Amino acid sequence: AFADPEPDDRDGDLSTTLELGAEVEPLTWLRAEAIVEVEHEFEGEGAALELDEGTASLIYRSFEVEGGRVYVPFGEYFSHFASGPLLEFGETRGEGVDLSWSPDDRIDVSAFVYHGPAESILADASDLDGGFALAGSPLEALTLGVSYLSDLADSRAELLHEHDDRYQSRIDGLSAHTALGLDRFELTAEAVWALKSFEELPSDRDRPS
């Protein structure tokens with residue numbers, strides 16, 4: 001309300017979710033992980049089973065290649081509560097590959113390519129999307145990060161759900177975050193922006209941030 005005097009939209013979601021996870025590391029350079037969710041909506045039908053995340057990773061020195069159903073490294077979404085922050089509208093999952101490089105504990109660089117649920121209205125348009133992420137700790141108590149996503153319509157917020165997840169043009173997104181830890185205290189800040197406006201959405205919500 002401080003940024004925009006227009007009325008707010010609120011959405012209530014009553015459900016119960018059970019999450020099961022498994023991770024195996026048969027070799028020092030090979031790791032696999034699977035997370036399954038069972039969700040039951042109080043006002044909906046019976047329980048639904050979904051593979052939330054399923055990946056296999058190859059590790060070589062400071063490099064790691066992760067593939068499968070992955071959450072791409074776009075945003076951090078800090079939260080100390082059971083529910084996530086509002087800017088989780090940028091959280092994105094797809095079938096793809098993520099290449100990361102971590103030469104030490106103070107820097108992490110990654111680039112990813114994936115296939116998401118949103119598609120162009122043009123039949124000959126490419127379905128592949130991607131992005132990159134960079135995070136570093138110039139000081140032991142300070143972390144800074146920035147990430148880029150080529151198609152914000154792929155996010156789990158389903159911004160174009162009423163348009164069958166089809167868009168006239170891709171809208172890319174940018175995320176930045178910082179975390180400062182001092183003794184028993186932690187201060188975090190994060191922002192997520194759409195870099196352009198969705199032509200499919202009303203003018204009061206066509207550029208979420």
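Fair warning: this is a prediction, and the values are worked out from it, not measured in the lab.
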Spell out, yes or no, whether [X] and [Y] are grouped together once hydrophobic residues are joined by side-chain heavy atoms under 4.5 Å, including indirect joins.
{"X": "L99", "Y": "L58", "result": "no"}
{"X": "V65", "Y": "Y60", "result": "no"}
{"X": "V146", "Y": "L142", "result": "no"}
{"X": "V24", "Y": "L20", "result": "no"}
{"X": "L160", "Y": "L122", "result": "no"}

For A157, all residues meeting side-chain contact (heavy atoms from CB on, under 4.5 Å), sequence neighbours excluded:
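A157: side-chain contact (heavy atoms from CB on, under 4.5 Å) contacts with F89, S155, L159.
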
In the structure I gave you, are the side-chain heavy atoms of [X] and [Y] within less than 4.5 Å of one another anywhere?
{"X": "I59", "Y": "L30", "answer": "no"}
{"X": "E25", "Y": "L27", "answer": "no"}
{"X": "E39", "Y": "T16", "answer": "no"}
{"X": "V38", "Y": "T17", "answer": "no"}
{"X": "E190", "Y": "L87", "answer": "yes"}
{"X": "P208", "Y": "F198", "answer": "yes"}
{"X": "F112", "Y": "V97", "answer": "no"}

Answer yes or no: does atom [atom1] of [X] have more than 12 heavy-atom neighbours from other residues, nucleotides or ligands under 6.0 Å?
{"X": "E162", "atom1": "CD", "value": "no"}
{"X": "E140", "atom1": "CD", "value": "no"}
{"X": "D104", "atom1": "CG", "value": "yes"}
{"X": "H161", "atom1": "NE2", "value": "no"}
{"X": "L49", "atom1": "CG", "value": "yes"}

Measure the [atom1]-[atom2] distance between [X] and [Y] for me, rounded to the nearest 0.5 Å.
{"X": "H80", "Y": "T188", "atom1": "NE2", "atom2": "OG1", "result": "5.5 Å"}
{"X": "D165", "Y": "E158", "atom1": "CG", "atom2": "CD", "result": "6.0 Å"}
{"X": "L134", "Y": "L144", "atom1": "CG", "atom2": "CG", "result": "9.5 Å"}
{"X": "L149", "Y": "E91", "atom1": "CG", "atom2": "CD", "result": "12.0 Å"}
{"X": "Y167", "Y": "D151", "atom1": "OH", "atom2": "CG", "result": "4.5 Å"}
{"X": "Y148", "Y": "S175", "atom1": "OH", "atom2": "OG", "result": "13.5 Å"}

Can you tell me if [X] uses its side chain to pair, donor with acceptor, with the backbone of [Y] under 3.5 Å?
{"X": "R69", "Y": "G94", "answer": "no"}
{"X": "E200", "Y": "Q168", "answer": "yes"}
{"X": "R166", "Y": "S120", "answer": "yes"}
{"X": "S197", "Y": "R207", "answer": "no"}

Contact summary for [X] and [Y], nearest pair of heavy atoms:
{"X": "L128", "Y": "R170", "value": "O-NH2, 3.3 Å"}
{"X": "S83", "Y": "S79", "value": "O-OG, 3.0 Å"}
{"X": "L201", "Y": "R205", "value": "CD1-O, 3.7 Å"}
{"X": "L152", "Y": "G90", "value": "CD1-CA, 4.2 Å"}
{"X": "D98", "Y": "A111", "value": "OD1-O, 3.1 Å"}
{"X": "S147", "Y": "L174", "value": "O-CD1, 3.3 Å"}

Test log, rule side chain to side chain contact (heavy atoms under 4.5 Å, CB included), inputs E119 and D127
CA-CA 6 Å; E119 298 180 353; D127 290 336; 4.2 Å; yes

Quick one, W101 with D108, criterion side chain to side chain contact (heavy atoms under 4.5 Å, CB included). Give me CA distance, side-chain angles, the key distance, then yes/no.
CA-CA 6 Å; W101 176 59; D108 185 74; over 6 Å; no

Say whether [X] and [Y], considering side chains only, have a donor N or O and an acceptor N or O under 3.5 Å apart.
{"X": "D154", "Y": "T92", "value": "no"}
{"X": "S57", "Y": "E64", "value": "yes"}
{"X": "S150", "Y": "D172", "value": "no"}

In a check of salt bridge (Lys or Arg N to Asp or Glu O under 4.0 Å) between R93 and each of E53, E88, E50, which one passes?
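The single option meeting the salt bridge (Lys or Arg N to Asp or Glu O under 4.0 Å) with R93 is E50.
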
According to ring pair (Phe, Tyr, Trp, His ring centres under 6.0 Å), who are the partners of H177, at least two apart in sequence or on a separate chain?
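H177: ring pair (Phe, Tyr, Trp, His ring centres under 6.0 Å) contacts with F78.
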
Using the salt bridge (charged side-chain N to carboxylate O under 4.0 Å, His left out) rule, take D52 and R156 through it: C-alpha gap first, then chi angles, then the decisive distance, then the call.
CA-CA 11 Å; D52 184 54; R156 297 198 69 192; 3.4 Å; yes

